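Take a look at the structure set out below.
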Amino acid sequence: IKLQALIAHFSEDQLSRFESYKRAAFNKPTVKRIMQNIARCQISQNVTIAMAGITKVYIGEVIEHAVEYKSKRGDSGPLKPDDILEGVKIMKNKTSDSNY
């Protein structure tokens, strides 16, 4: 119910991004392969599903920061690689500022 109330206040652009976000998913076999290459061990299906979800949330936050950055510059249109890189920089700065 809280989500419905939040969605009711979305702008048309925010609603479009949210719907795209809900439909998006990372290919689990690819996520599993990448994780196994890095960890050099077998990765369970549950860990793969969790990592795909965490990755989706992280990428969503990077994109939101990139959109904010672009709008603060007064730029419009689709995101460019520089906008996404700036979103990553913002996320890195947030992580280093939060003492993790």
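Everything quoted here is computed from the prediction, not taken from an experiment.
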Query raised in the report: Going from CG on N27 to NZ on K32, what distance comes out if it is rounded to the nearest 0.5 angstrom?
Result: 12.5 Å
Query raised in the report: Is there a chain of hydrophobic side chains (I, L, V, M, F, W, Y, each step under 4.5 Å between heavy atoms) that links Y58 to F26?
Result: yes
**Report entry** Trace of the salt bridge (Lys or Arg N to Asp or Glu O under 4.0 Å) decision for K94 with E61
**Finding:** CA-CA 11 Å; K94 280 184 139 190; E61 289 184 23; 5.8 Å; no
Report task. Evaluate the side-chain proximity of L79 to V67: yes if any heavy-atom separation is below 4.5 Å, no if none is. Result -> yes
Query - S16 side chain vs E12 backbone, donor-acceptor pair below 3.5 Å - result: no
Requested in this report: Report yes or no: is the cationic atom of K56 (NZ for Lys, CZ for Arg) under 6.0 Å from the centre of the six-membered ring of Y21, at an angle within 45° of the ring normal?
Outcome: yes
Query raised in the report: Does a salt bridge link D82 with K80, judged by any charged N lying under 4.0 Å from a carboxylate O?
Result: no
Report summary line: Nearest heavy-atom approach of T48 to M35 is CA-SD, 4.5 Å
**Report entry** Heavy-atom closest contact (V62 atom, M91 atom, distance)
**Finding:** CG2-CG, 3.7 Å
Report summary line: Nearest heavy-atom contact between D83 and A66 is O-CB, 3.2 Å
Report summary line: In short, K28 meets A52 closest at the heavy-atom pair CG-CB, 4.5 Å
Query raised in the report: Just wondering, more than 12 heavy atoms not from K92 lying within 6.0 Å of its NZ?
Result: no
Requested in this report: Following the transitive rule for hydrophobic clusters with a side-chain heavy-atom cut-off under 4.5 Å over Ile, Leu, Val, Met, Phe, Trp and Tyr, establish whether L15 and L6 coincide in one cluster.
Outcome: yes
Report task. Check whether I59 and F18 end up in the same hydrophobic cluster, where Ile, Leu, Val, Met, Phe, Trp and Tyr are linked by side-chain heavy atoms less than 4.5 Å apart. Result -> no
Query - Same cluster (ILVMFWY, side-chain, under 4.5 Å), L3 and F10 - result: yes
Query - K70 with E86: basic N within carboxylate O range, under 4.0 Å - result: no
Requested in this report: Using the rule that two of Ile, Leu, Val, Met, Phe, Trp, Tyr join whenever any of their side-chain heavy atoms come within less than 4.5 Å, decide whether I90 and L85 are in one cluster.
Outcome: no
Query raised in the report: Considering all heavy atoms of both residues, which atom of R17 and which atom of D13 are nearest to each other, and what is their separation?
Result: NH1-OD2, 2.7 Å
**Report entry** Contact check, side chains of I34 and I38, non-hydrogen atoms, under 4.5 Å
**Finding:** yes
Query raised in the report: Is P81 close to I84 at the side-chain level, that is, under 4.5 Å between some pair of heavy atoms?
Result: no
